[in-house]
2 protein chains.
Amino acid sequence: MDIKMRSSCPISSSLDIWGDKWSLLIVRDLMFSKQCTYGDFLKSDEKIATNILASRLQMLETNGIIIKQDHPQSKAKVLYKLTQKGIDLLPVMIEINLWADKYFTLPAERKEILAEVKKDKDAFIKEKTKELMRD
Amino acid sequence: MDIKMRSSCPISSSLDIWGDKWSLLIVRDLMFSKQCTYGDFLKSDEKIATNILASRLQMLETNGIIIKQDHPQSKAKVLYKLTQKGIDLLPVMIEINLWADKYFTLPAERKEILAEVKKDKDAFIKEKTKELMRD
DNA sequence: AAATTTGCTTGCGTTTTGCAAGTGCAAATA
DNA sequence: TATTTGCACTTGCAAAACGCAAGCAAATTT
């Protein structure tokens, strides 16, 4: 569960934490849904295996990208949320979306959000960040 | 060597191509050096294994992120370069750098470039893109 | 002609992944 | 109150990916 730093390059250091096929999908879910339970992550389209999910959540928590919180309605549930460090990945997430928008066919629903992003990127980031920071 | 699409989500589709610990480092090298030989990639700090390098270059080429070109001086050498699709990853790369700048300690040399980026992000992207597009 | 460089490929042991099943506790249901 | 269901994981194991060292053919240098 520990991180092996490969070099002092910022890209490399970043990839050491979330450079795999699943971590950014977890972050994505948290950006779209604001908060998710373990079960919510399992429900997403990509069908992550439960053991992989557990290890990625652990890694992201260890590295301060997400935090676990008690669920207000139930002791059996756990809420995962983005920390400020995680929220700060929003610009990265947006640029990936914009890149993909140029080279893949996106679902119509996502295209709508992207249109808003393109209209005023900074405003979108500011607004979304504020939203994610509440509670 | 083929891609397994996990969903139609743009983040997911992107990660299907370059969502691993090495691909973006190859792209990084090409953005900083404009063009690299196979040996150049092997020389970078992270010490990628030669078989992994070969498979990643193959994957990136298959997906149109990079192209192989004949080396003008030697038939034994091969030049790898970014395609437009690869160059378009520059904003993603920059945002990762900016994120890492906030949460890691960067080498002084990289901080200088980042300072320039922060001064005017769009201008930097425009200029760097133009530079990478030459020849 | 021999040695070296270059861009890979091959073998093989180790690590990571993916799938299925299981576990323990909380909460709902009977 | 007893029992079933829901939730958040853990465990076992086969398959795939990774990492290291060695090998290899063509091009270049000596």
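Any value given below was found using the heavy atoms of this structure, including those in side chains, with hydrogens, waters and symmetry copies removed.
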query = Is there a side-chain contact (heavy atoms from CB on, under 4.5 Å) between A:L132 and A:K81 once you walk through the steps?
reply = CA-CA 9 Å; A:L132 289 170; A:K81 299 183 61 182; over 6 Å; no
key: Atom-pair distance (CG on B:N51; P on C:dC12), nearest Å   = 14 Å
query = Hey, mind stepping through A:S44 and A:R28 against side-chain contact (heavy atoms from CB on, under 4.5 Å) and telling me if it holds?
reply = CA-CA 11 Å; A:S44 20; A:R28 172 205 61 185; 4.0 Å; yes
key: Nucleotide range of DNA chain D lying under 4.0 Å from chain A heavy atoms   = D:dC7 to D:dG12
Please produce a list of atom pairs where a protein N or O lies less than 3.5 Å from an N or O of nucleotides 27-30 of chain C.
{"unit_1": "C:dA27", "atom_1": "OP1", "unit_2": "A:K75", "atom_2": "N", "d": "2.6"}

task = Give a yes-or-no answer on whether the side chains of A:S14 and B:Y103 include a donor-acceptor pair shorter than 3.5 Å.
result = no
note = Heavy-atom nearest nucleotide on DNA chain D taken for B:I52 and for A:L79; more 5' hit belongs to A:L79
ask   = Going only through I, L, V, M, F, W and Y residues with side-chain contacts under 4.5 Å, is there a path from A:V78 to A:L42?
value = yes
request  = Please check if the side chain of B:W18 supplies one atom and the backbone of B:I65 the other of a donor-acceptor pair under 3.5 Å.
outcome  = no
ask   = Should we count NZ of A:K34 as having more than 12 external heavy atoms under 6.0 Å?
value = yes
request  = Identify whether the distance between the nearest side-chain nitrogen and carboxylate oxygen of B:E116 and B:K121 falls below 4.0 Å.
outcome  = no
request  = Report yes if at least one side-chain N or O of B:Y80 is closer than 4.0 Å to OP1 or OP2 of C:dC8; otherwise report no.
outcome  = yes
ask   = Can B:D40 and B:T37 be counted as having a side-chain donor-acceptor contact under 3.5 angstrom?
value = yes
key: Close residues, residues 18-49 of chain B, relative to DNA chain C [heavy-atom separation under 4.0 Å]   = B:T37, B:Y38, B:G39
Protein-nucleotide distance (B:R56, atom CZ; C:dT9, atom P), rounded to Å = 14 Å
inquiry  = So for atom NZ, which belongs to B:K75, do other residues, nucleotides or ligands contribute more than 12 heavy atoms lying within a distance under 6.0 Å?
reply    = no
Within one Ile-Leu-Val-Met-Phe-Trp-Tyr cluster: B:L79 and B:L82, side-chain cutoff 4.5 Å = no
query = Atom CG of A:D70 and atom C1' of C:dC25: how far apart are they, to the nearest Å?
reply = 14 Å
task = Give the C-alpha distance, both sets of side-chain angles, the deciding distance and a yes or no for salt bridge (Lys or Arg N to Asp or Glu O under 4.0 Å) between A:K85 and A:D88.
result = CA-CA 5 Å; A:K85 192 174 178 181; A:D88 284 337; over 6 Å; no
